[in-house]
Each structure stands twice: as structure tokens, then as C-alpha cells.
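What follows is a short report on a single structure.
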Amino acid sequence: MAKSAGIPASPGPGGLVVHINGLLPALPPAEQRVARLVVADPAGAARRTITDLAIAAEASEATVIRFCRSVGVPGYPQLRIRLAAEAPRRIAPPGARVASGDIPPGADLAQIIETVAFHDARSVEQTAEQLDPVRCARVVDALVAAGRIDVHGAGASGLVAADLQQKLHRIGRTAFHFTDGHTALASAALLGRGDVAIGISHTGATSSVVEVLARARASGAGTVALTTFPRSPITEVADFVLTTVTRETSYRSGPTASRLAQLTVADVLFVGVAARSGIRP
């Protein structure tokens with residue numbers, strides 16, 4: 001599997017705001033402040049002059065220009081145009097003003113239910129919007145042709161890895177998932193050309209998963225990373241990078257929304273493999 005379908009350098013089908021949100025952790029601190037303003041209120045950012053945005057972000061105009069280039073946009077005028085174009089499809093439905101924000105201290109259960117449901121549903125929607133069908137198809141092709149598939153994940157992402165493994169096993173694919181890190185490394189060392197290793201990590205920085213994927217790649221296997229952040233360590237050892245979209249809140253770091261997004265991508269791959277193999281799950 002050639003390294004030809006990795007990290008997108010410019011906004012993909014999911015839109016600029018989704019692209020910026022995924023890159024945010026990898027940006028320098030000053031550019032992160034600009035990014036947070038843009039992600040929080042794309043329409044408002046589109047109306048600001050470069051000076052206004054710089055002041056609001058406590059940054060310089062040069063920082064704003066560097067931010068534009070970091071996210072794949074030539075300059076600030078083009079950024080405003082892209083944000084203005086996306087604004088109409090990001091208008092929240094009636095009653096979603098509170099739900100689309102953070103959960104404040106002392107929130108009642110009705111507000112918590114609405115907010116959690118909003119973020120979980122939005123995560124799945126935005127993940128689907130930005131998934132590249134061509135890249136997914138190439139991953140499916142590799143899985144269909146694979147002699148063996150190892151699926152790796154730790155913690156909550158390990159639950160997603162186990163779910164994908166058992167689904168692939170159910171349709172006759174030789175697939176494995178290991179809860180013990182040493183066993184996972186040993187398995188990765190035994191993979192070879194034609195095999196595939198999938199690493200699932202919300203942050204993309206889970207050391208045990210990155211290490212196993214790197215070992216699988218060194219053994220000659222094709223590697224796939226599933227993460228929220230396209231400029232994270234796991235993407236450096238992946239032939240193919242598939243991304244999810246999630247937004248954390250004060251009470252939900254690495255929230256259930258990220259698992260739902262991961263499960264969505266896992267199901268896309270599973271159904272893709274089943275359909276390509278002529279199997280009805």
C-alpha cells in the first residue's frame with residue numbers, strides 16, 4: 001500500500017471549519033487562538049477585518065496570515081470568502097443555540113441531555129461529511145485483499161477496535177484484536193506484505209497504538225490510522241489516514257461523540273468489505 005492517501009493539505013469535502021478543527025492541536029499557540037475564534041463563530045469571523053480578528057485573538061496580523069497558510073488557504077481574503085460560503089449550511093436549527101455550546105456549571109438535566117445529544121449527532125454528521133469516498137474505497141480494497149488484519153486501539157478506542165474486529169471476523173475475514181500491548185507488538189512483527197494493521201486513536205498520540213502501527217509498517221504490512229487529528233503522531237506511520245470530527249466540552253474530554261464517530265467509520269469499512277465480497281452481513 002503506497003503512501004499516497006495520507007493527510008490532506010487543504011480543506012476536504014467536510015469543509016474548512018471541520019478541517020481547521022482537526023488541525024487545531026497541531027497549530028502554534030497564537031494560531032490556535034485564531035483557530036478557536038474561527039471554529040466557534042465562522043460567520044462572525046468572516047465579517048471581521050484581519051485587524052479585528054487579530055485583536056480578538058490577542059495575536060498579530062502576521063499570525064493570522066500564517067494561520068491561513070497553515071490551514072491551506074492562500075490568504076485572509078480567501079479565508080473570509082470560504083467562511084462566508086460555509087456559514088449558511090452551519091445555521092443551527094431552532095432551539096439549538098444552547099445545545100450547540102458548552103455545558104455550563106449547574107446546568108440542569110434537560111440542558112445536558114440536549115447538549116450531549118447535539119454534539120453526538122453532529123459528530124457523526126460532520127464525520128460523514130468529510131470522509132473521502134476515494135480514500136475509503138482504497139482502504140476497503142486493501143482489507144478485501146488482506147491475508148490478515150490486525151485492529152489496534154487502547155482504552156475506549158479499544159472498544160471500537162474490538163467491534164470492528166468481530167464484525168470482520170463474522171464475515172470470514174482473518175482479523176485479530178489484542179488487549180495486551182506485548183501480544184499486539186508480537187503480532188505486528190509477524191505481519192507481512194499484503195496484511196493490514198489498523199490503529200484507532202482519538203488523539204492520534206496513544207503511544208502503544210502508534211508503536212504497534214509503526215512495527216506493523218516496518219514488517220511490510222499496510223497501515224491505516226483512524227484519528228480526530230490529521231497532524232498527530234499516528235499519521236506519521238500510516239499509509240492511509242481516515243479522520244473523525246468531534247468537539248470536546250468542559251466535562252467531556254475525548255467524549256462518547258468520538259467513539260460514535262469512530263464506530264461510524266468502522267461500519268463504513270465493514271459494510272464496504274462485505275459489499276465488495278458479495279456478503280450480506
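Keep in mind that what you see is a predicted model, and the values were worked out from it rather than measured.
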Check whether any side-chain N or O of Glu86 sits under 3.5 Å from a backbone N or O of Leu16 as a donor-acceptor pair, and report yes or no. yes
Give, for atom CZ of Arg48 and atom CD1 of Ile50, the distance between the pair rounded to the nearest 0.5 Å. 13.0 Å
Quick one: closest heavy-atom pair of Pro42 and Val39, and the distance? CD-O, 3.7 Å
Short side-chain to backbone donor-acceptor contact, Thr203 and Ala205, under 3.5 Å: yes
Sequence neighbours excluded - side chain to side chain donor-acceptor pair (under 3.5 Å) pairs with any residue from residues 49-60: Thr49-Asp52, Thr51-Glu61, Ser60-Thr63
Apply the test side chain to side chain contact (heavy atoms under 4.5 Å, CB included) to residues Ile198 and Leu143: give CA-CA distance (whole Å), side-chain angles for both, the deciding distance (0.1 Å), then the verdict. CA-CA 10 Å; Ile198 303 173; Leu143 294 176; 3.9 Å; yes
Same cluster (ILVMFWY, side-chain, under 4.5 Å), Leu191 and Val237: no
Is a donor on one side and an acceptor on the other found under 3.5 Å between the side chain of Ser187 and the backbone of Thr183? no
Hydrogens and angles aside, do Gln78 and Arg82 bring a side-chain donor and acceptor to less than 3.5 Å of each other? no
Once rounded to the nearest 0.5 Å, what's the spacing between atom CG of Leu23 and atom CZ of Arg231? 4.5 Å
Are Arg193 and Ser219 packed together at the side-chain level, in the sense that at least one heavy-atom pair is separated by less than 4.5 angstrom? no
Do Thr228 and His202 have a side chain donor and acceptor closer than 3.5 Å? yes
Should Val140 and Ile171 be regarded as members of a common hydrophobic cluster, given that ILVMFWY residues are connected when their side-chain heavy atoms come within less than 4.5 Å of each other, either directly or indirectly? yes
To the nearest 0.5 Å, what is the distance between NE2 on His152 and OG1 on Thr223? 10.5 Å
Short question: side chain of Arg33, backbone of Ala57 - any donor-acceptor pair under 3.5 Å? yes
Quick one, Arg217 and Asp239 - any side-chain contact, counting heavy atoms below 4.5 Å? yes
Exactly one candidate in Leu213, Thr243, Thr227 meets side-chain contact (heavy atoms from CB on, under 4.5 Å) with Thr235; the answer is Thr227
Short side-chain to backbone donor-acceptor contact, Ser277 and Val273, under 3.5 Å: yes
Report the distance from atom OG of Ser201 to atom CD1 of Ile234, rounding to the nearest 0.5 Å. 5.0 Å
So, does Arg173 use its side chain to make a donor-acceptor pair with the main chain of Ala146 at under 3.5 Å? yes
Is there a side-chain contact between Val212 and Phe178, using heavy atoms and a 4.5 Å cut-off? no
Could you list the donor-acceptor pairs under 3.5 angstrom formed by side chains in residues 264-271, with sequence neighbours left out?
residue : atom : partner : partner atom : Å
Thr264  : OG1  : Leu260  : O            : 2.8
Asp267  : OD1  : Lys167  : NZ           : 2.4

What heavy-atom pair brings Val209 and Gly199 nearest, and what distance separates the two atoms? CG1-CA, 3.8 Å
In terms of heavy-atom contacts, Ala161 and Gly153 come closest through CB-N, 3.8 Å
Atom of Ala261, atom of Val124 and distance for their closest heavy-atom approach: N-CG2, 4.5 Å
Single-linkage hydrophobic cluster Ile279~Leu168, side-chain heavy atoms < 4.5 angstrom: yes
Please report the interatomic distance CZ(Phe67) to CG(Leu53), rounded to the nearest 0.5 Å. 8.0 Å
Nearest heavy-atom pair of Ala154 and Ser208: which atoms, and what distance? CB-OG, 4.0 Å
Look up atom CG in Leu164 and atom CG in Leu226, then write down how far apart they are to the nearest 0.5 Å. 9.0 Å
Quick check: does any side chain N or O of His177 sit under 3.5 Å from a backbone N or O of Val151, one acting as donor and the other as acceptor? yes
Under the 3.5 angstrom rule, does the side chain of Thr244 hit a backbone N or O of Thr127 as a donor-acceptor pair? no
Centre of Phe240's six-membered ring, under 6.0 Å away, within 45 degrees of the axis: is that where NZ or CZ of Arg135 sits? no
With Arg80 via salt bridge (charged side-chain N to carboxylate O under 4.0 Å, His left out) - residues at least two apart: none
Validation row: Val139, Val196 side chains within 4.5 angstrom (heavy atoms): no
Path from Ile149 to Leu159 over hydrophobic side-chain contacts below 4.5 Å: no
Find out if a path of hydrophobic residues (ILVMFWY) with successive side-chain heavy-atom gaps under 4.5 Å connects Tyr76 to Val73. yes
Can you name the closest pair of heavy atoms from Asp41 and Gly44 and give their distance? OD1-N, 3.0 Å
Counting distance only, does the side-chain N/O of Ser258 pair as donor-acceptor with the main-chain N or O of Thr246 below 3.5 Å? no
Between the side chain of Asp150 and the main-chain N/O of Ala197, is any donor-acceptor distance below 3.5 Å? no
